[in-house]
A.B. asks: 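The following block contains the structure, expressed as structure tokens.
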Amino acid sequence: MRVYNTLTGKKEDLVPLAPGRIGMYACGVTVYDVCHIGHARSAIVFDVIRRYLRFRGFDVKYVRNFTDIDDKIINRAKQEGIGWDEVAKKYTEEYYTDMDRLGVGRADVEPKATEHIPEIIAIVRGLVEKGYAYVIDGDVYFEVKKFSDYGKLSKRDVDDMLAGARVEVDERKRSPMDFAVWKSSKEGEPSWESPWGPGRPGWHIECSAMTMKHLGESFDIHGGGADLIFPHHENELAQSEAFTGKPFVKYWIHNGFITIDREKMSKSLGNFFTIKEILGKFDPEVLRFFLLSTHYRSPIEFSDASLREAELSIDRYYTTLIRIDDFLKESSDKIKTTAEEKGFEETLSVFIDKFKEAMDDDFNTALALGLIFELIREVNKYLDARPSGRKAWELITRSSDLLSQSGNVLNIFNKKPEEWYDALMVTKRIPFTKADILDRIEQRQEARQRKDWAAADSVRKELEDQGIIIEDKKNGSTWKVMIGK
RNA sequence: GGCGGCGUACCCAAGUGGCUAAGGGAGAGGUCUGCAAAACCUUUAUGCAGCGGUUCAAAUCCGCUCGCCGCCUCCA
């Protein structure tokens, strides 16, 4: 398996510190607001990485934190006139609601900053004792120039940064680059007792404390959005390695941004969509599929049109699943071998290897999805040839297994087709009930029997106007929700 | 100013040295159908921003040019 490592700037073979086991940490969210689709991307990317590592047989311990104390939370609490801990609780719940819908699994450990204050204080104390941090008026700062490797993750030079400094200068700090590992609290702000007086953790320190506690001083994979590389991960790395004297993380993995009109989506620009907004218009699976249809490190341009395309692709998948189900239900013993059989069998036998090859190469979900749709086409082609008999039944069953295996890794395509259409009835706001539709299909069937094509077509037209498509098959008609319009 | 990334068909998007440049959408034509839909087939990049270079061989490596974007400040 090869993984792109931000630290080295190269794809490297994935060799865990302990054979067969992987410790993995992904930065979760600061719980001060509802999540936007950028959070969704990050969560989904690391969810898939974790699922795939498991699929490949690794014993994965996945840790994803909540930052539940921070300036933004405090400000939010003031705005809303509630306690900071209530803010954290509220948005943690919102987070779970959104992520559950998107099929993002729970991590094995989901630690919170406020539950690790003693560990944080121990690290801060250690940093001071070792001379990496200094105390001023109850604040504790990490002294960047004491850590000679500073800048190795984000590839920047301390002097260059100082030259073009846009950082606001705090006169008390020895250098503008120094950052707080512990902040004294003002009156009325949340605080914890510490050797330096009442205060709270600096922004980066909680991740050092939580990774160390749950994954050890050195671990395999640390992930997050690319915007965390600097300063968050750079600082986290510096303070962790300064404290332990050991390498912190073996592989740093960062996902790319979502853009809107070619510009980074961000809260400060205001050009963002919340997960909830999008899920009001599209099925969660559509968003998940869309986010996986581009490699995780590339920027991904977000638009309604792209989501509609994703929806169309998913529909193609489920349409084929229906064909598969129909075939398996009505298969007969009469043996009919087709010319397609040999090629189809070959496709099936190499599928999983190709899927692994794609995912082994830095989690190339876009390529993996391409392979799934190649298989979909082969299945359709095979079924078009109208095979029958035991062999055909076996091949189709195998296809179905392969599809669900690969779908499970990505955690998409695991609905029943009916569930997909039920969900579409809701998101597309179809003004009919299923009974309404079946009723009309019945009427149309009678008209067709009379060969009253005009009447039959008018029923079709009526349903079509409301987004329902009728499909005539050999033993009756079925319906589905029209999409892509 | 410093550092980094990207530019592949009408659109989205894989591919980073060597078979016909994946896959999806859209368009055109066809098979099937009472008509449709779905599905399948054919077709749409002798070509990978442009120009040079390295190589037996380049979308893929190197250089320059143009265009777009990101980080350097909270940010997934």
Side-chain angles (χ1 to χ4, degrees), chain A residues 6 9 11 26-30 32 35-46 70-72 151 154-157 159-168 203 223-232 234 254-259 262-269 272 289-290 293-295 297-301 303 305-306 308-317 319-320 322-323 340 354 358 361 364-385 448 451-454 456-457 460-461 464 469-473 477-480 482 484:
Chain A
T6 308
K11 272 189 210 173
C27 281
V29 290
T30 300
Y32 75 104
C35 290
H36 56 65
I37 53 180
H39 297 111
R41 184 177 196 191
S42 192
I44 289 169
V45 162
F46 291 102
D70 159 277
D71 289 349
K72 290 193 288 289
S154 55
K155 316 271 183 290
R156 53 196 84 205
D157 182 82
D159 296 328
D160 286 350
M161 277 191 284
L162 288 173
R166 280 197 281 153
V167 286
E168 70 178 270
W203 173 31
D227 44 6
L228 295 180
I229 296 171
F230 190 90
H232 182 54
E234 189 69 60
H254 293 96
N255 64 274
F257 302 123
I258 293 179
T259 60
R262 316 250 323 121
E263 226 180 4
K264 181 191 169 188
M265 193 186 81
S266 76
K267 294 209 72 156
S268 39
L269 287 170
F272 64 91
F289 178 95
F290 165 70
S293 64
T294 298
H295 184 89
R297 280 191 284 121
S298 305
I300 184 167
E301 169 74 11
S303 68
S306 310
R308 281 196 297 273
E309 277 195 19
E311 195 173 51
L312 226 37
S313 295
I314 297 171
D315 196 64
R316 176 170 162 79
Y317 184 95
T319 300
T320 303
I322 292 175
R323 290 192 75 185
E340 280 75 12
K354 287 171 83 176
D361 185 12
N364 195 336
T365 54
L367 181 56
L369 286 171
L371 294 171
I372 289 175
F373 280 98
E374 239 171 90
L375 178 55
I376 287 287
R377 192 188 60 232
E378 293 300 321
V379 168
N380 277 314
K381 192 164 145 178
Y382 181 64
L383 288 175
D384 274 0
R448 292 180 75 207
K451 297 211 191 297
D452 183 353
W453 308 125
D457 288 349
R460 185 205 292 288
K461 181 79 168 50
E464 211 171 271
I469 296 184
I470 293 182
E471 297 193 350
D472 295 330
K473 298 182 182 175
S477 301
T478 59
W479 60 273
K480 59 184 213 174
M482 190 194 325

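No experiment lies behind these values; they were computed from the predicted model shown. Residue numbering restarts at 1 for every chain, and letters A, B, ... go by the order of the sequence lines.
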A.B. asks: Taking only N/O atoms, report every protein-nucleotides 13-20 of chain B pair under 3.5 Å with atom names and distance.
C.D. replies:
residue, atom, partner, partner atom, Å
B/rA14, OP1, A/His295, N, 2.7
B/rA14, O3', A/Asn364, ND2, 2.9
B/rG15, OP1, A/Asn364, ND2, 2.7

A.B. asks: By the 4.0 Å heavy-atom rule, please label A/Gly256 as base, sugar-phosphate, or nothing.
C.D. replies: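 The answer is base, as A/Gly256 lies within the cut-off (heavy atoms under 4.0 Å) of a base atom.
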
A.B. asks: Roughly how many Å apart are B/rC72 and B/rG15, using the C1' atom of each and rounding to a whole number?
C.D. replies: 32 Å

A.B. asks: Any base atoms under 4.0 Å from A/Ile470, or only sugar-phosphate, or nothing? Heavy atoms, all strands.
C.D. replies: base

A.B. asks: Look at all strands and tell whether A/Arg460 reaches a base, only sugar-phosphate, or nothing, counting heavy atoms closer than 4.0 Å.
C.D. replies: base

A.B. asks: Take atom C1' in B/rU43 and the same atom in B/rA49, then report the distance between them in whole Å.
C.D. replies: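 After rounding to an integer number of Å, I get 26 Å for this pair.
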
A.B. asks: So what does A/Lys72 touch, heavy atoms closer than 4.0 Å: a base, only the sugar-phosphate, or nothing?
C.D. replies: sugar-phosphate

A.B. asks: Determine the Euclidean distance between corresponding P atoms of B/rC41 and B/rC35; express it in Å to zero decimal places.
C.D. replies: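 Between the two P atoms, the distance is 22 Å.
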
A.B. asks: Using the P atom as the reference point in each nucleotide, state the distance between B/rG17 and B/rC62 in Å, no decimals.
C.D. replies: 11 Å

A.B. asks: For A/Gly225, which contact category applies under a 4.0 Å heavy-atom criterion: base, sugar-phosphate, or nothing?
C.D. replies: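 If one applies the 4.0 Å heavy-atom cut-off, A/Gly225 turns out to touch the sugar-phosphate alone, with no base involved.
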
A.B. asks: At less than 4.0 Å, is any side-chain N or O atom of A/Lys381 found next to OP1 or OP2 of B/rC41? Yes or no.
C.D. replies: yes

A.B. asks: Taking any heavy-atom pair under 4.0 Å as a contact, classify A/Ser306: base, sugar-phosphate, or nothing.
C.D. replies: nothing

A.B. asks: Give me the distance, rounded to whole Å, that separates B/rC6 from B/rU60 when you measure between the P atoms they each carry.
C.D. replies: 13 Å

A.B. asks: Say you pick atom P in B/rG2 and the same atom in B/rC64; how far apart are they, in whole Å?
C.D. replies: 14 Å

A.B. asks: Using a cut-off of strictly less than 4.0 Å, decide whether A/Lys155 has a side-chain nitrogen or oxygen near OP1 or OP2 of B/rG2.
C.D. replies: no

A.B. asks: Would the base of B/rC35 count as contacting A/Asp472 through its side chain, where contact means a donor and an acceptor less than 3.5 Å apart?
C.D. replies: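 Present.
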
A.B. asks: Could you say whether the aromatic ring of A/Phe373 and the base of B/rG24 stack, counting only centre distances under 5.5 Å and plane angles under 30°?
C.D. replies: no

A.B. asks: Which part of the nucleic acid, if any, lies within contact of A/Glu374, taking any heavy atom under 4.0 Å across all strands shown: a base, the sugar-phosphate backbone alone, or nothing?
C.D. replies: sugar-phosphate

A.B. asks: By the 4.0 Å heavy-atom rule, please label A/Ile258 as base, sugar-phosphate, or nothing.
C.D. replies: base

A.B. asks: Tell me whether the side-chain N/O atoms of A/Arg316 come closer than 4.0 Å to OP1 or OP2 in B/rA39.
C.D. replies: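 Checking B/rA39 against A/Arg316, a side-chain N or O does come within under 4.0 Å of OP1 or OP2.
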
A.B. asks: What is the distance, rounded to the nearest whole Å, between atom CG of A/Leu369 and atom P of B/rG24?
C.D. replies: 12 Å

A.B. asks: Does any donor-acceptor pair link the side chain of A/Arg377 with the base of B/rC40 at a separation under 3.5 Å?
C.D. replies: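 No such pair is found, so the answer is no.
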
A.B. asks: What would the secondary structure line of RNA chain B be in dot-bracket form, counting Watson-Crick and G-U wobble pairs under 3.5 Å, with [ ] for pairs that cross earlier ones and | for pairs with another strand?
C.D. replies: ((((((((.[[[..)..(....]]]((((((.......))))))....[[[[[..)....]]]]])))))))....

